[in-house]
**Student:** 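Submitted below is the structure of interest, expressed as structure tokens.
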Amino acid sequence: MRELAHSLIRYRLVPTNTTNTSNKPVRVRFAPSPTGDLHVGNIRTALFDWAYARHTGGQFIFRIEDTDRERVTDEYIKAAQDTLKWLGLDWDEGPEVGGPYGPYLQSQRLDIYEEWAAKFLVQGDAYHCYCSSEELEARREAQKAANVAPGYDGKCRSISEGDLAKYKSEGRLPVLRMRMPDGSTTFTDSIRGDVTFDHNFVPDFVLVRGDGSPLYTLAVAVDDIMMKVTHVLRGEDLLSSTPRQIRVYQAMGVVESDYPTFAHLPFVMGQDNAKLSKRNGEVSIAWYRERGFLPEAICNYLALLGWSPGDDRENVTMKELTELFTVERVHSSPARFDMKKLEAINGDKIRELAIDELLKRTVPFLIKDSVITGTPAELEVVKSALPIIQERIATLAEVSQMLKFLFVAKFEVEAEELPKIKDEQSQIVLKKADEILNALSNWEHEAIHEALKKALIEELGLKPRIAFSALRIAVTGSHISPPLFESLELLGRERSLERIAASIN
RNA sequence: GGCCCCGUCGUCUAGUGGCCUAGGACUCUGGCUUCUCAAGCCAGCUACGCGGGUUCGAAUCCCGUCGGGGCUACCA
């Protein structure tokens, strides 16, 4: 009977657009399984989820899928929250903030899953399966060899009394398996259109482990329904798990109009066209944070991976993103992650920062790199130096290299640069500069520039790039530095003259 | 192997039958500017995977093909 009832379960979800045709308030969830630091792909998903929720004025729900307690740790859960906060992806319901449909950690919802599982068993939608992993493995191998679709063969759909007694006496613990009826499932993916899965290729799947713990397939479906989620935007790796999820809705007795709308986001790939992973690029958001990438730059860049506003604009703020984001404009094809473009956008965002804001953001890097300790006097110097390096850096971490010459206790010219100031011509320049600057009373960069230009360019007849290069190295230690005259002013008269003198043979 | 998804410059993308001799951005190359490095400005290179069809006309529609990816767990 039950089988019959499910024999024709084709259905279709109403096509959805971002204006949310249904009158239900939009509820979008980001539900990662933190088995490590959140990575670029997770964040791109989170960003789209968040942007969609904000765009529609709906709720953004943050749920932790920690049914696999072997791989998910408390540190990773904590790190995931920190990362989202750092990026500015604030959630309306979830860990810390709570909400009406909590708890939001699946490990705290075990009794809920247990209840539904029991119901499914009673209803006959699910059944106990006593097959051991070894047996399943063996049968899978056989299926593969026989070239038939692999998957559970339904052996335990009906078990004889005798077999049941035998399994129990052996102490076997059954898993709970969902009965997949004949037929097919079709759903409308907002990004991909109609997608159909023939149930011949969707085998009966496990809902509850032998030890009684729930699996993703059960928890995710139950939670999305119980939390009244209206839109599921997630990675395309979950596309083929959708018919299973829908099967659980059916067992739960949910009416079709209450199913969430699915949208499967394309992957973020690494350089080598494989899914982005540790092997082919940096994936951990924490890594980008340490490297001096701005959260708004990361979000801006990631927003452009698989989505575009439609016109030629590429620089969008978080606010603009929430205004412009629609699921219709999300691509269906995967995108490759390009560090170079991220860096370019990061540089642009740095240049947009007000000096006080830039100061606030760079100080932790300078302290971490032991360039400064953070005294008010140091901060003053950094602040006055930032305007001249702001357009020269692509990441915040670069400020240390740029400004350390202003703070080092014991200054030394970089070893490889030394020969460049020891030649005859450089020595002439340095001696002349020493003489001129010692006589200079006004130590402002314009005055310094004027004096040096007159002495070195006009009187000695040198090309500017030649003349100033030696001086640059002598004073900053490197042939790459912030503008020379401003650097001299910032360094101060005393230390500048000291360094020039020290560079003279 | 089976099922499913995907296919425009090197990369991200615009493009939904004529506005496309395919636009923008990043990268790269050359130039300008310049005290180095950047930034900025200008210029250049490079793409509709392939083959059929439909049509007066196709990057856009259809079919096939090739290629890439995902899933195929008591992971998510």
Side-chain angles (χ1 to χ4, degrees), chain A residues 31-33 35 65-68 70-72 129 131-133 136-137 140 143-152 173-177 189 191-192 195-198 200-203 205-211 213 215-217 219-220 234-243 264 266-267 269 271 273-275 301 304-315 331-345 347-348 351 389-394 398 402 449 452-453 456-457 463-469 471-473 476 478-487:
Chain A
S33 184
T35 56
E65 311 236 318
D66 56 347
T67 50
D68 185 355
E70 306 234 324
R71 299 199 301 153
V72 177
C129 169
C131 299
S132 69
S133 316
L136 293 171
E137 182 61 29
R140 256 197 299 276
Q143 286 169 326
K144 231 175 158 182
N147 208 6
V148 296
Y152 189 68
L173 294 172
V175 299
L176 187 70
R177 220 176 254 284
D189 185 290
I191 295 169
R192 286 152 216 281
V195 183
T196 299
F197 287 88
D198 187 321
N200 287 323
F201 308 106
V202 186
F205 55 98
V206 177
L207 296 167
V208 182
R209 292 187 180 88
D211 67 4
S213 60
L215 250 30
Y216 166 79
T217 28
V220 71
R234 49 152 44 160
E236 71 164 291
D237 49 334
L238 268 357
L239 183 64
S240 54
S241 85
T242 306
H264 289 92
F267 283 123
M269 320 283 269
Q271 302 297 343
N273 204 24
K275 208 175 154 186
Y301 174 65
L304 265 19
L305 245 37
W307 174 84
S308 82
D311 51 22
D312 288 337
R313 67 197 298 183
E314 300 219 312
N315 189 334
H331 257 235
S332 50
S333 52
R336 233 137 313 202
F337 185 85
D338 181 10
M339 181 76 85
K340 280 282 201 303
K341 182 136 184 176
L342 205 212
E343 283 172 358
I345 289 178
D348 289 341
R351 267 162 245 130
I389 65 164
Q390 186 168 24
E391 68 185 25
R392 296 182 157 68
I393 54 174
E398 289 168 44
M402 284 281 192
H449 190 175
L452 288 172
K453 197 169 118 189
L456 302 176
I457 313 302
K463 283 199 186 306
R465 62 189 309 138
I466 305 289
F468 297 139
S469 173
L471 204 48
R472 178 189 312 284
I473 294 169
T476 70
S478 168
H479 77 282
I480 297 173
S481 82
L484 179 59
F485 313 111
E486 285 84 346
S487 295

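Convention: sequence-line order gives letters A, B, ...; per-chain numbering from 1. This is a predicted model, so every value here is computed, not measured.
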**Student:** Closer than 4.0 Å, any side-chain N/O of A:Arg336 to the OP1 or OP2 of B:C12?
**Tutor:**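 Result: yes.
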**Student:** Below the 4.0 Å mark, does B:C75 have OP1 or OP2 next to a side-chain nitrogen or oxygen of A:Thr35?
**Tutor:** no
**Student:** Using atom P of each nucleotide, how far apart are B:G49 and B:G30 to the nearest Å?
**Tutor:** 31 Å
**Student:** Do the side-chain N or O atoms of A:His331 get closer than 4.0 angstrom to the phosphate oxygens (OP1, OP2) of B:A14?
**Tutor:** yes
**Student:** Looking at A:Arg140, I'd like to know whether one of its side-chain N or O atoms comes within less than 4.0 Å of OP1 or OP2 on B:A73.
**Tutor:** yes
**Student:** Quick test: give all pairs of protein nitrogen or oxygen and nucleotides 39-45 of chain B nitrogen or oxygen below 3.5 Å, distance rounded to 0.1 Å.
**Tutor:**
residue, atom, partner, partner atom, Å
B:A39, O4', A:Glu391, O, 3.3

**Student:** Quick one: is B:A14 close enough that its OP1 or OP2 comes under 4.0 Å of any side-chain N or O from A:Ser308?
**Tutor:** yes
**Student:** Just jot down the side chain to side chain donor-acceptor pair (under 3.5 Å) partners of A:Gln390, sequence neighbours excluded, or say none.
**Tutor:** none
**Student:** Between the base of B:G24 and the side chain of A:Glu314, is there any donor-acceptor pair under 3.5 Å?
**Tutor:**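 Under the 3.5 Å cut-off, the side chain and the base do form a donor-acceptor pair.
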**Student:** Think A:Arg472 has a side-chain N or O under 4.0 angstrom from the OP1 or OP2 of B:C37?
**Tutor:**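 Indeed not, no polar side-chain atom of A:Arg472 lies that close.
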**Student:** Separation of A:Glu70 atom CD from B:C75 atom P, in whole Å?
**Tutor:** 8 Å
**Student:** State, with a plain yes or no, whether a side-chain heavy atom of A:Pro483 is found less than 4.5 Å away from one of A:Arg392.
**Tutor:** yes
**Student:** Between A:Tyr152 and A:Arg177, is there a cation-pi geometry (under 6.0 Å to ring centre, at most 45° from the normal)?
**Tutor:**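 Relative to the ring axis of A:Tyr152, which defines the angle, A:Arg177 lies inside both limits.
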**Student:** Should the heavy atoms of other residues, nucleotides or ligands under 6.0 Å from CZ of A:Arg465 be counted, would the total exceed 12?
**Tutor:**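 Counting other residues, nucleotides and ligands, CZ of A:Arg465 stays at 12 neighbours or fewer.
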**Student:** Report yes if at least one side-chain N or O of A:Arg465 is closer than 4.0 Å to OP1 or OP2 of B:U36; otherwise report no.
**Tutor:**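 For A:Arg465, the contact criterion (side-chain N or O under 4.0 Å from OP1 or OP2 of B:U36) is met.
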**Student:** Would you indicate what A:Glu486 reaches in the nucleic acid, counting non-hydrogen atoms under 4.0 angstrom: base, sugar-phosphate, or nothing?
**Tutor:** base
